[in-house]
K.L.:
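Starting off with a structure, shown below.
Predicted, not measured: the structure shown is a model, and the values here were computed from it.
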Amino acid sequence: MDQGSIARILKQVSGGDDEIQQLQKALLDYLDENTETDASLVFSRKFYVAQWFRDTTMETEKAIKSQKDEDSSEGTHHAKDVETTGQIMHRAESRKKFLRSIIKTAPSQFSTLKMNSDTVDYEDACLIVRYLASMRPFAQSFDIYLTQ
């Protein structure tokens, strides 16, 4: 991964503190900008939004399950674990809120959402997709699957 390009894209894209959300917004802006030239990008945009929402939901469920497992097995839980679970829940809710706002946006309003859509070109969009895909659980555990 080209971390320099990722850092450049993050600087150019206005957004919150969450770098994943900034990259998602940059990719969605790129897809919105190019839907007139390729109609399949509308499907791609909807797919990414749905997949990211599902991933956020799964991350939240895993955090809750791990907290319950720790509570039942140890009887007590560490404040640090609760804090990280709380942080995961907060981050997940902010991502869901962002994705809901994207879902509720009518196609005619896409152009009003674009802030700096010219900052992401095709190569940058491919890099963002690879970077976001590398953050998924399957990509992170690929070595384990390959070893087995």
K.L.:
Start with the C-alpha distance between Leu132 and Trp52, add both sets of side-chain angles, then the distance that settles side-chain contact (heavy atoms from CB on, under 4.5 Å), and finish with yes or no.
P.N.:
CA-CA 10 Å; Leu132 292 174; Trp52 294 333; 3.7 Å; yes
K.L.:
OH of Tyr48 to CG of Leu28: how many Å apart, nearest 0.5 Å?
P.N.:
10.0 Å
K.L.:
For a quick check under 3.5 Å, do Glu19 and Tyr131 share a side-chain donor-acceptor pair by atom type?
P.N.:
yes
K.L.:
Linking I/L/V/M/F/W/Y whenever any side-chain heavy atoms sit under 4.5 Å apart, do Phe98 and Ile103 land together?
P.N.:
yes
K.L.:
Which distance, rounded to the nearest 0.5 Å, do you find between the OG1 of Thr56 and the CG of Leu99?
P.N.:
5.5 Å
K.L.:
Run the side-chain contact (heavy atoms from CB on, under 4.5 Å) test on Arg130 and Leu127 for me, step by step, so that the C-alpha distance in whole Å, both residues' side-chain angles and the decisive distance to 0.1 Å come before the verdict.
P.N.:
CA-CA 5 Å; Arg130 285 194 309 270; Leu127 179 65; 3.6 Å; yes
K.L.:
Are Ile128 and Met135 connected in the hydrophobic side-chain network, where two residues link if heavy atoms are under 4.5 Å apart?
P.N.:
yes
K.L.:
Please name the pair of heavy atoms, one in Leu31 and one in Thr35, separated by the smallest distance, quoted to 0.1 Å.
P.N.:
O-CG2, 2.9 Å
K.L.:
Rounded to the nearest 0.5 Å, what separates atom OG in Ser66 from atom CD in Glu61?
P.N.:
12.0 Å
K.L.:
What distance separates Tyr30 OH from Cys126 SG, expressed to the nearest 0.5 Å?
P.N.:
7.0 Å
K.L.:
Could you check whether any side-chain N or O of Asp121 sits under 3.5 Å from a backbone N or O of Asp124, counting only pairs where one atom can act as donor and the other as acceptor?
P.N.:
yes
K.L.:
Atom CD in Gln21, atom CD in Gln24: separation rounded to 0.5 Å?
P.N.:
7.0 Å
K.L.:
List the residues meeting salt bridge (Lys or Arg N to Asp or Glu O under 4.0 Å) with Glu59, not counting sequence neighbours, and say none if there are none.
P.N.:
Arg91, Arg95
K.L.:
Quick one, Leu23 and Ile6 - any side-chain contact, counting heavy atoms below 4.5 Å?
P.N.:
yes
K.L.:
Not counting sequence neighbours, which residues clear ring pair (Phe, Tyr, Trp, His ring centres under 6.0 Å) with Phe53? List them please.
P.N.:
none
K.L.:
Ignoring hydrogens, what is the shortest heavy-atom contact between Ala92 and Thr60? Give both atom names and the distance.
P.N.:
CB-OG1, 3.1 Å
K.L.:
According to a 4.5 Å side-chain heavy-atom criterion applied to Ile, Leu, Val, Met, Phe, Trp and Tyr, with indirect links allowed, do Val42 and Tyr122 form part of one hydrophobic cluster?
P.N.:
no
K.L.:
Report yes if the side chains of Ile102 and Arg45 come closer than 4.5 Å at any heavy-atom pair, otherwise no.
P.N.:
yes
K.L.:
How is the hydrophobic cluster of Ile64 composed, in terms of its other members, when Ile, Leu, Val, Met, Phe, Trp and Tyr link through side-chain heavy atoms under 4.5 Å apart, directly or indirectly?
P.N.:
Met89
K.L.:
Indicate whether any N or O donor in one side chain lies under 3.5 Å from an N or O acceptor in the other, for Asp18 and Gln22.
P.N.:
no
K.L.:
Quick one: does Lys96's side chain get under 4.5 Å of Glu93's, heavy atoms only?
P.N.:
yes
K.L.:
Taking all non-hydrogen atoms of both residues, which atom of Val120 and which atom of Ala125 are closest, and how far apart?
P.N.:
CG1-N, 3.7 Å
